[in-house]
Amino acid sequence: MLIRAARHYEGAEQILIRRAVMSSFKFVSISEKELPPQGQWVTAECPARIDMSGGWSDTPPITYEHGGAVVNVAVLVDGQRPMGARARRIPEPLLRLSSKSGPPGAEFHTNLTCRSLADLQDYCQPQAPGALLKAAFICTKTVNLTCEKMLSEQLAGKYGGGFELQTWSNLPHGSGLGTSSILAGAVMVVLYEASGRSVDAESLIHAVLHLEQVLTTGGGWQDQVGGLIPGVKIGRSAPELPLHVTIECLQLPDGFLETLNQHLLLVYTGKTRLARNLLQDVLRNWYARLPDILQNVDALVNNAELCAESFQKGDIQLLGKCLSTYWQQKKCMAPGCEPQAVRRIMDTLEPYVYGQSLAGAGGGGFLYILTKKPNQKNVLQNLLERIQGLERCRVHTVQVETTTFMVRLENDKDI
């Protein structure tokens, strides 16, 4: 009976969080513009993000009950923006959806055609094919599920036809690099543009928060801040509602950006993280008001502010200490997020780095490291390949993306 009661309370808690986070839609501002021509693609390509300090403090309800601060960096992986979306108007009054995910050689493809409102009804089931894309059509109000008009009537009457929407990500599933939230931002911005509307980056950050509650995946705000705002920045939220995220782009000393690009690397661990299970445990511990968790959330926010200071000073050793401190804080928030195989990789790399941490919630995915010497990709790749059990680990270069998130129009071409 206690277990049954607890499940009911957790259900109520999820409804409360959803309503609280949806208050952030107050900060979404949308403007009307001319529809692009039929057949013209609207494309958005996005960097990944690396969370340098403060993650978990952006997670509802922590972010609006305690307040949060997260430092993260928008990055190209091996010189590429690894994810994106594109949309165009088509003559047929239907929705043609396709997605491609996974690294080259291991892609997973999904192709759907929605001809009726019934085809969109599973938008709130994250595991349903095309759920993110369907939810984006609804959250951008491109399609109205409660309207009496059929889908074809809505599309033909308002847009003179339907839409084709495509998404892609070259990162492995469970990478820890913020893929799903950043991709949600890319999908929403191309849908707004393709349907004759525009939205700024701050509005987009809050719109993604809203979408992820509709999709029932939950999640915080740091991923979209990291991928949709260029460079190095600190995002903050106050302990209040409506939930409002503010962003401060950090000014780096001359030459420090190049130093970062030479010393920051990603290592793919080969392990897939399970963030949803970790999230459930973290929220239960937060609501239990366990003293260690409360103190750790304070420490997460303080370390984020120190991390921002290390960037502004150009102090790479202090930055490395912040990363390692952050990893200890992540392990306190979510015990079990460090598999034994990952610990072995970190122990192997320890003499070569100023600091290291698993990206995102932990549990697997990518490890990011700040090396003591510059340009160490080949050295560390050779090191890992010589150790039995670590041969499949892959080291990747990263480059801080400093270009403002842009949407471009282009003629038809394959992804």
Side-chain angles (χ1 to χ4, degrees), residues 45-55 70-84 103-104 168-172 174-183 186 222-234 249-250 252 255-270 273 307-308 310-311 314 316-317 319-320 322-324 326-327 342 345-346 349 352-362 364-384 393-405:
E45 293 179 320
C46 300
R49 73 94 185 90
I50 295 177
D51 55 313
M52 305 298 279
S53 286
V70 181
V71 175
N72 54 28
V73 184
V75 294
L76 307 180
V77 180
D78 294 330
Q80 303 293 322
R81 295 188 183 102
M83 67 197 86
W168 62 93
S169 168
N170 299 327
L171 296 172
S175 68
L177 299 180
T179 306
S180 57
S181 298
I182 299 169
L183 196 57
Q222 65 127 325
D223 293 347
Q224 59 264 39
V225 169
L228 302 178
I229 305 294
V232 184
K233 79 289 294 185
I234 180 168
C249 293
L250 302 178
L252 309 185
F256 192 59
L257 182 64
E258 183 60 31
T259 299
L260 275 178
N261 290 336
Q262 292 175 349
H263 289 261
L264 190 59
L265 293 171
L266 287 172
V267 180
Y268 186 58
T269 64
R273 65 182 179 86
C307 182
S310 71
F311 273 111
I316 193 169
Q317 293 190 41
L319 178 58
C322 289
L323 298 191
S324 294
Y326 180 35
W327 180 235
V342 170
I345 298 169
M346 297 180 86
L349 297 174
Y352 302 87
V353 303
Y354 286 126
Q356 56 184 327
S357 173
L358 278 178
F366 280 96
L367 174 72
Y368 56 94
I369 60 177
L370 197 64
T371 61
K372 293 177 180 177
K373 295 180 180 180
N375 306 316
Q376 292 291 288
K377 176 188 174 182
N378 292 336
V379 171
L380 297 182
Q381 184 67 65
N382 292 335
L383 172 69
L384 293 169
C393 295
R394 286 292 172 263
V395 183
H396 300 265
T397 60
V398 296
Q399 181 181 347
V400 179
E401 170 64 283
T402 56
T403 305
T404 303
F405 177 69

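Small disclaimer: the values here were computed from a predicted structure and weren't measured.
- Ser357 contributes atom OG, which lies 9.5 Å from atom CE of Met52 (distance to the nearest 0.5 angstrom).
- Distance CG/Leu349 to CG/Leu367: 6.5 Å, rounded to 0.5 Å.
- Taking 4.5 Å as the limit, every side-chain heavy atom of His396 sits out of range of all side-chain heavy atoms of Leu265.
- Looking at heavy atoms from C-beta onward, Thr403 lies in side-chain contact with Arg81 at the 4.5 angstrom threshold.
- By the 4.5 Å heavy-atom criterion applied to side chains, Leu380 and Val267 are not counted as neighbours.
- Summarising the geometry of Gly320 relative to Leu370, their closest heavy-atom pair is N-CD2, 3.7 Å, with the distance given to 0.1 Å.
- Centroid-to-centroid, the aromatic rings of Tyr354 and His263 stay 6.0 Å apart or farther.
- You'll find the side chain of Leu323 reaches within 4.5 Å of the side chain of Tyr368, heavy atoms only.
- Here the closest heavy-atom approach between residue Leu228 and residue Cys46 is recorded as CD2-SG, 4.2 Å.
- With contacts defined as side-chain heavy-atom distances shorter than 4.5 Å, the pair Asp223/Leu177 does not qualify.
- Atom CD of Gln317 and atom SG of Cys322 lie 12.0 Å apart (nearest 0.5 Å).
- Here the closest non-hydrogen pair linking Ala74 and Pro47 is CB-CG, 3.9 Å.
- To the nearest 0.5 angstrom, Cys307 atom SG is 9.5 Å from Asn72 atom CG.
- Between the CD1 atom in Ile316 and the NZ atom in Lys372 there is a gap of 11.5 Å [rounded to 0.5 Å].
- Using a 4.5 Å cut-off on side-chain heavy atoms (C-beta onward), Val70 and Ile234 make no contact.
- The structure places NZ of Lys377 at 11.0 Å from CG of Asn382, a figure rounded to the nearest 0.5 Å.
- Judged purely by atom type and a 3.5 angstrom limit, Lys233 uses its side chain to pair as donor or acceptor with the backbone of Gly231.
- Under the 3.5 Å distance criterion, the side-chain polar atoms of Gln381 are left unmatched by any main-chain donor or acceptor of Val379.
- With hydrogens and angles left out, the side-chain atoms of Thr397 and Gln399 include no donor and acceptor closer than 3.5 Å.
- No side-chain donor-acceptor contact under 3.5 Å links Thr179 to the backbone of Ser175.
- Listed for the Asn261 side chain is a donor-acceptor partner under 3.5 Å among the backbone atoms of Val400.
- Put simply, the side chain of Cys393 reaches to within 4.5 Å of the side chain of Ile345, judged on heavy atoms.
- A donor-acceptor pair shorter than 3.5 Å can be found between the side chains of Gln222 and Arg49.
- Between the side chain of Tyr326 and the main chain of Gly55, a donor-acceptor pair closer than 3.5 Å is present.
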Stepwise side-chain contact (heavy atoms from CB on, under 4.5 Å) test for Leu260 and Leu252
CA-CA 10 Å; Leu260 275 178; Leu252 309 185; 4.1 Å; yes
Test log, rule side-chain contact (heavy atoms from CB on, under 4.5 Å), inputs Val395 and Tyr268:
CA-CA 6 Å; Val395 183; Tyr268 186 58; over 6 Å; no
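- The two residues Cys249 and Ile229 have their closest heavy-atom pair at SG-CG2, 3.9 Å.
- Pairing each heavy atom of Asp51 with each of Gly360, the nearest pair is OD1-N, 3.0 Å.
- Side-chain atoms of Phe366 and Thr269, non-hydrogen and from C-beta on, never get closer than 4.5 Å to each other.
- Closest of all the heavy-atom pairs between Ala48 and Pro82 is N-CD, 3.8 Å.
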